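Letters go in sequence order (proteins before strands), and every chain restarts at 1. Quick caveat, the model's predicted, so the values are computed rather than measured.
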Amino acid sequence: MSISKTYDPKEAEDKWYTYWMQQGFFRSIPDEREPYTIVMPPPNVTGVLHMGHMLNNTIQDVLIRRARMQGKNACWVPGTDHASIATEAKVVAMLKEKGINKKDLSREQFLEYAWEWKEKYGGIILKQLEKLGASCDWNRTKFTMNPELSDAVIDTFIRLYREGYIYRGVRMVNWDPQGRTALSDEEVNRKEVNQTLYYIRYAVPGIDDGPTYLTIATTRPETIMADTAVCINPNDERYAHLKGKTALVPLINREIPIIEDEYVDVEFGTGCLKVTPAHDLNDYELGQKHNLEVIDILNDDGTLNEKAQILVGEDRFAARKHIVKLLEEAGYLEKTEAYTSQVGFSERTDAAIEPRLSMQWFCRMAELAKPALEYVNNGEVKLIPDKFISTYRHWMENIKDWTISRQLWWGQRIPAWYNAQNEWVVAKTSDEAKALFQAEGKSTEGIRQEDDVLDTWFSSGLWPMSVFDGTRNPDNADIRYYYPTNDLVTAPEILFFWVARMLIFGHEYRGKAPFKNVYLTGIVRDKLGRKMSKSLGNSPDPIELMQQYGTDGVRVGMLLSSPAGNDLMFDVAYCEQGRNFANKIWNAFRLVKGWEVAEAPASSAQREAANWFGHRFNQAVAEIDGHFSNYRISDALMAIYKLVWDDFCSWYLELVKPAYQQPIAREAFETTKSFFEAVLKLIHPFMPFISEELWHDELFGQRSERDCCIVAEYPKGGVFDEKELGDFASLQQVVSEIRNLRNAKQISTKTPLPMAIYATSDTDFARYAECIQKMANISEISFIDGKQTGTTSILVGKDEFYIDIAQNIDVEAEKERISKEIDYLNGFLKSVNAKLANERFVQNAKPEIVANERNKKADAEIKIKILQENLLNLTGF
RNA sequence: GGGAGCUUAGCUCAGCUGGUUCAGAGCACCUGCCUUACAAGCAGGGGGUCACUGGUUCGAACCCAGUAGCUCCCA
């Protein structure tokens, strides 16, 4: 039965994914085996698969598949995140298209639409992960707003409240006037923006001489109505005359104090700073320090309110233009200047963030963060690569309280209740709230629940526990078995707001970190180094990529280009390389499959090849295991790539391959098949489909229903003999030199050449004679006891190989070649001798290093001697 | 402004505690091959002042200091 010349992935992919599912290979239930657990970072329900997910989930799948094959009870828990702000924005937009305004809906009506949307689109990304081959336990799929997970969130809020970590307060928050919600710092993107710096004059009453005004510089003239002071640096002599005076806010003529604080940068602007506590974080802090009044002139949609006195109802940006005109007309505007500065934008709505004071719920972090920091500090939780530790430490040591409320509907509603007097209690239900009010002797009239929901990270922080129902039900079998999980694979940009919070919550509930290793992937960039983004359109569609290069090819492509923690400069060329690799494996298989078998003894070349490859394979497994234990996934892959391509295909198979249309000896055939199986197992975590496809070929005989590569026993490294490997390497070098010679002399590979060997080392070349003959097309080999003349010589180590190329050798060219080699060796020898002549080297360097130098000296001397003799022979000839 | 990190071949990156398995890998490139597993291939080859300057050392890609350029995080 012939099989096609190139590997066609499509059929294999669907077939085997379905089969694995049917057989329940992804399913994990606690048993007596060692667990190996990964919880998937839940993608947003609004998300579609992008290259970042591809990278992230490929790595997780590689880890989980390998663990499964190693006999562990591998459990990979998938799920999605409700992403309150992103999803709410999406639903609002969808409703708008239908002509429905969120404002006209009740909370319940809105949530109905939102759930409908989620049911319809929320599973897309998980379906896409199936294409990638993700071997998750789909029976465990969770959503952060599932009732039991939401419950965990609410319980946690109440728990932390009772422990005194949660409080309400007025704070400066990042306000998104379009989404009309507060955002965490992490949801704000800062961008460099071209702005204008306006120089505005404030009248200063009561100055006898000199100008009767001061000038401030601001990019936000529309906020002057909220000014409650002007601040100068006490050391600034220019303004000494202003001390203790007051200034008048232009246009509205409100009198404000002139205060002094070293915070003011004398160099910047005019050195006079307008202080607007309600609309700037630094000003707010300054205001607190100096007990300034706070005047908030903005509505939650970014328009000016009546406290502004003028321009009421205008949007902040319209008001800016407008007030500039007014200031100019009234003679307050001194000048303007171009200026660039960082402005925050909402990650979700892209509206300019407004620093705004509002009543929010907060979680006190300083104390909670300590154990979470300690886990990383003491190495209980490893960050990979460890360069992130110092960043993490710095962040955790300077952690600020966490704004946990969001002015949204989609999410877990905060379990706080107000009565008509706006007094409040925290309780799970309104009945409990009533009881609490009553216990405190307060009215239960007009009781209503807090409108705000909790930040999404509050629920994802519980994820490694809540997917196992571990907070509500802390003694259940799942949580006891799977927690702490093993590895977490995620992106460095969410190290703090996700990873740190999981550590905090994990410690809070179970006194144990939720995972042992955190593998931080890089950001997927295009080959120009730009972050892949929808707006740039520089991101390939992963699904199309998989169709084009095969899933295995894309998986290999992703991992080839991604050392841990480094950004990955993605290029489809990597996928092409992956596809080519799959094809290589496929064709190696075709070769073996095409062999006829004869009941005959194996040849010497076949036996030596098998002997060598056995050692080489064990050596490679050791290397690969080493790479995995250091989470060097792309190095592990490259080691496999080279093992398969170079060692297995280019050397092993070429050596055992029978002559054209000749059968292969039974023994060699069986050995080859078992090597092939072993190789397929190594490949499987990276290339699950082609490995499974070939695993089931009739070549390997009948397989039982559950005899699958996905659950085959992962190769364990065995012993390997360095001497055997070294001897074989000499053989390889001889072959390579002969091929090189053919190339240089334009001798076809089809022309057989005779060779004589004069070997004085302990390598037994007789043993490899047949191998050399086969790989270098040598017609006959003779072993001689001295030098040969009239033929071309090759030196490998101190052994000499004479090839009769059946043509007059070019004496001059040979002389030059040998002389060059001697020159090189002499240079080398000189440097070695210089070291050995240096007393301080001999005294200070470690003995083994000195010994090594002596060996190098001896080796070089022997080689030079041989070459010089050969040179003489040539001249004599 | 504060913190972290990077700079090695055309590209993407390895290089552990300083000492020829120290200048490496893959891809790309060049040369020769349509050899009956594979041209998505085979065989061979070229290519780097290890950012720059100085220091420590018997010895530096590696350690230290400074300079330049780049990236990320926080303000």
Review point. Base, sugar-phosphate, or nothing for A:Glu722, non-hydrogen atoms under 4.0 angstrom?
Key: nothing
**Study point:** Below 4.0 Å: OP1/OP2 of B:C27 and any side-chain N or O of A:Tyr641
**Key:** yes
Exercise for review: Report which part of the nucleic acid A:Asn583 touches: base, sugar-phosphate, or nothing (heavy-atom distance under 4.0 Å, all strands).
Suggested key: base
Review point. Within the structure shown, what part of the strands sits under 4.0 Å from A:Trp645 by heavy-atom distance: base, sugar-phosphate, or nothing?
Key: sugar-phosphate
Exercise for review: Determine the contact category for A:Lys642: base if any of its heavy atoms lies under 4.0 Å from a base atom, sugar-phosphate if only primed atoms, P, OP1 or OP2 are that close, otherwise nothing.
Suggested key: sugar-phosphate
Exercise for review: Give one of base, sugar-phosphate or nothing for A:Ser736, where a contact means two heavy atoms less than 4.0 Å apart.
Suggested key: sugar-phosphate
Review point. Quick one: is B:C58 close enough that its OP1 or OP2 comes under 4.0 Å of any side-chain N or O from A:Arg840?
Key: yes
Review point. Base, sugar-phosphate, or nothing for A:Arg579, non-hydrogen atoms under 4.0 angstrom?
Key: base
Review point. Are A:Asn630 and B:C16 close enough that a side-chain N or O sits under 4.0 Å from OP1 or OP2?
Key: no
Practice item. Could you tell me which residues satisfy salt bridge (Lys or Arg N to Asp or Glu O under 4.0 Å) with A:Arg742, sequence neighbours excluded, listed by chain and number? Key: none
Review point. Would you write out the dot-bracket form of RNA chain B, 5' to 3', with Watson-Crick and G-U pairs under 3.5 Å, [ ] for crossing pairs, | for pairs to other strands and . for unpaired bases?
Key: (((((((..((((.....[....)))).(((((.......))))).....(((((..]....)))))))))))).
Exercise for review: Under 4.0 Å between any heavy atoms, over every strand shown, what does A:Asn398 touch: base, sugar-phosphate, or nothing? Just pick one.
Suggested key: nothing
